[in-house]
Protein chains: 2
Amino acid sequence: MTDCEEMPLPAWISDLPALDLLLSVAETGSVGRAARAHGITQPSASARLARLERRLGVPLLVRSRRGSLLTPAGETVVVWSRTVIDAAQNLADGVLALRADRQARVRISASLTVAEYLLPAWLRCSRTVTTAERCSKPSAP
Amino acid sequence: MTDCEEMPLPAWISDLPALDLLLSVAETGSVGRAARAHGITQPSASARLARLERRLGVPLLVRSRRGSLLTPAGETVVVWSRTVIDAAQNLADGVLALRADRQARVRISASLTVAEYLLPAWLRCSRTVTTAERCSKPSAP
DNA sequence: AAGCCTTACGATCCCCGTAACCATT
DNA sequence: AATGGTTACGGGGATCGTAAGGCTT
């Protein structure tokens, strides 16, 4: 095959919430508890996990009356999935910071006409101030 | 908050194909080329990226007539996303190996009655043999 | 004219929650 | 009864592709 740079991600891996759910099952030992931890119903969780198994083509867990345990393959998948979810969580945190940063800039530019003469002092102050409080009460004598 | 162990992944991060698409845009410098690389239409790619931006709450790229470039925030997100899809790709490869392994076991157990006396020789041979060939033609005199 | 991006629209498919059911402790 | 798991079913939402439009070079 004369590929260019990298093949796009396979389609059967794209269900990130399913992976997250699988991790919860590994931790709690039960589909129902994992479902509650994610704020969804037990049938939803069951169906989601069944789809995941079907799409991966590998049985992941053995259902029992007193809970669900992972197959050896399931344990392996959990290990890999953990790194994926960790990376995703990392990204989520970063995006959150980025969003906050953007909002801060927006607030500053919005109230710029009022706060023009305060900015130099702010910039000399702290880099991670809660701009909302400062903006609402400029405390200018 | 009295959380148990870990908060489930936020919902606005769960679109893995969108992240992958964003990486392609970063590489090719164009939404259309990225779309072609993923085998989808340009409008689909455009809509997907727009949704991603809306969900993240951060502008990621600046559209131009001669292509699309990333905003500073976009560059940052791309860096984090790279690690995520790398981990996902890693998982995909692992699952592929797991699947192949399982299929091998299935073939072996299926033809076990025939191949019983051959297994010891196989096990002494190589660990990653193409069991399909061996199984189809046992080459037993 | 050609390239790049967007909006509009219709059809399809996926996923969730409710409801109902089976098996054990 | 309570817990853990599954299947059946209807509705809402997301995504895709086609078609059409705007803007530069």
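If you're wondering where the values come from, they're calculated on a predicted model, not measured in any experiment. In what follows, chains carry the letters A, B, and so on, assigned in the order in which the sequence lines appear, proteins first and then strands, with residues in each chain numbered from 1.
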Starting the side chain at C-beta, find the nucleotide from [options] nearest to [X].
| X | options | answer |
| --- | --- | --- |
| B/R65 | D/dC23, C/dA23, C/dT7 | D/dC23 |
| B/S46 | C/dT25, C/dT6, C/dC16 | C/dT6 |
| A/V31 | D/dG5, C/dC5, D/dT15 | D/dG5 |

Whole-Å distance separating the [atom1] atom of [X] from the [atom2] atom of [N]:
| X | N | atom1 | atom2 | value |
| --- | --- | --- | --- | --- |
| A/L52 | C/dC16 | CG | P | 12 Å |
| B/L61 | C/dC4 | CG | P | 15 Å |
| A/R55 | C/dC13 | CZ | P | 15 Å |
| A/R51 | C/dC13 | CZ | P | 15 Å |
| B/E53 | C/dC5 | CD | P | 13 Å |
| A/D15 | C/dC16 | CG | C1' | 13 Å |

Is there a side-chain contact between [X] and the phosphate of [N], meaning an N or O under 4.0 Å from OP1 or OP2?
| X | N | answer |
| --- | --- | --- |
| B/S44 | D/dG17 | yes |
| B/R66 | C/dG3 | no |
| B/R48 | D/dC16 | yes |
| A/R33 | D/dT3 | no |
| A/S30 | D/dG5 | yes |
| A/R63 | D/dT3 | no |
| A/S64 | D/dG4 | no |
| B/T41 | D/dC16 | no |

[X]/[Y] ion pair, N-O < 4.0 Å:
| X | Y | value |
| --- | --- | --- |
| B/D15 | B/R51 | no |
| A/R82 | A/E27 | yes |
| B/R99 | A/E53 | no |

*Neighbour count above 12 (heavy atom, 6.0 Å) for A/R66 CZ*: no
*In terms of the nearest nucleotide of DNA chain C, which residue is placed more toward the 5' end: B/Q42 or A/G39?*
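Result of the comparison: B/Q42.
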*asked:* To the nearest 0.5 Å, what is the distance between OG1 on A/T83 and CG on A/N90?
replied: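 It is 12.0 Å, given to the nearest 0.5 Å.
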